[in-house]
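The structure presented is a predicted model; accordingly, all values stated were derived computationally and were not measured.
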Amino acid sequence: MTVASSGTSDLSGAHLHRATVPASDLAAIDGVAVTSVPRTLIDLGRHRPLATAVAAMDHALRKGMVTGAELEAVVLACWNWPRIGTA
């Protein structure tokens, strides 16, 4: 879960990432703010095992949920973030 970089809260049972999320990387599901599909997939590529990230990206690409260009745009926008080379 991503929380504001200036936040001090903790959430029991959750792994928190403190970061600023640009508006372009946000979406809403049933009124709840979530990261967009491209951002979520790149975050998986940064933080999860290769097989997990590849499976998620492959599924999203095959289902038309994201394009390669959208994934590339997130990578380029986040070029200096930790583990972006992994993604």
Side-chain angles (χ1 to χ4, degrees):
M1 174 177 282
T2 302
V3 296
S5 57
S6 61
T8 59
S9 63
D10 288 322
L11 185 60
S12 179
H15 182 88
L16 300 181
H17 296 270
R18 299 192 190 287
T20 301
V21 180
S24 60
D25 289 346
L26 292 175
I29 297 176
D30 295 331
V32 176
V34 298
T35 53
S36 65
V37 171
R39 169 64 187 270
T40 299
L41 292 169
I42 296 305
D43 284 347
L44 284 172
R46 292 172 55 224
H47 297 287
R48 305 308 305 162
L50 177 63
T52 301
V54 169
M57 289 181 191
D58 182 62
H59 175 80
L61 287 162
R62 287 179 181 268
K63 292 291 186 177
M65 300 167 68
V66 68
T67 66
E70 289 171 318
L71 292 174
E72 183 178 11
V74 173
V75 169
L76 292 174
C78 305
W79 66 270
N80 61 342
W81 290 14
R83 296 176 291 284
I84 195 65
T86 305

Undergrad: Give me the atom names and distance for the closest heavy-atom approach of A28 to V34.
TA: N-CG2, 4.3 Å

Undergrad: Is I84 reachable from V74 through a run of hydrophobic residues whose side-chain heavy atoms are each under 4.5 Å from the next?
TA: yes

Undergrad: For D30, does the CG atom sit with more than 12 other heavy atoms under 6.0 Å from it, leaving out its own atoms?
TA: no

Undergrad: Identify the heavy atoms of R46 and A87 that sit nearest to each other, and give their distance.
TA: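 So the two residues come closest at CG-CB, 3.8 Å.
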
Undergrad: Tell me, which pairs form a salt bridge (charged side-chain N to carboxylate O under 4.0 Å, His left out) where one or both residues lie in residues 48-67, sequence neighbours left out?
TA: D58-R62

Undergrad: For a quick test of reading the model, state the closest non-hydrogen atom pair linking G45 to A53 and the distance between them.
TA: CA-CB, 3.7 Å

Undergrad: Taking only residues two or more places apart in sequence, or in another chain, which ones meet A60 in a side-chain contact (heavy atoms from CB on, under 4.5 Å)?
TA: V37, L41, M65, V66

Undergrad: Give every residue pair that meets the salt bridge (charged side-chain N to carboxylate O under 4.0 Å, His left out) criterion with at least one member in residues 66-80, sequence neighbours excluded.
TA: none

Undergrad: Looking at residues at least two apart in the chain, or sitting in another chain, which of them share a side-chain contact (heavy atoms from CB on, under 4.5 Å) with P22?
TA: S24, D25, R39

Undergrad: Rounded at 0.5 Å granularity, tell me how far CZ in R83 sits from CG in D43.
TA: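 These two atoms lie 10.0 Å from each other.
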
Undergrad: Can you name the nearest heavy-atom pair linking L44 to A56, along with the distance?
TA: CD1-CB, 3.7 Å

Undergrad: Would you say CD1 of I29 has more than 12 non-hydrogen atoms from neighbouring residues, nucleotides or ligands within 6.0 angstrom?
TA: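 No, not enclosed.
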
Undergrad: For T40, give me all partners under side chain to side chain donor-acceptor pair (under 3.5 Å), at least two apart in sequence or on another chain.
TA: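 By the side chain to side chain donor-acceptor pair (under 3.5 Å) rule, T40 matches T35.
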
Undergrad: If hydrophobic residues (ILVMFWY) are linked whenever their side-chain heavy atoms come closer than 4.5 Å, directly or via other members, who joins W79 in its cluster?
TA: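 Other cluster members: none.
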
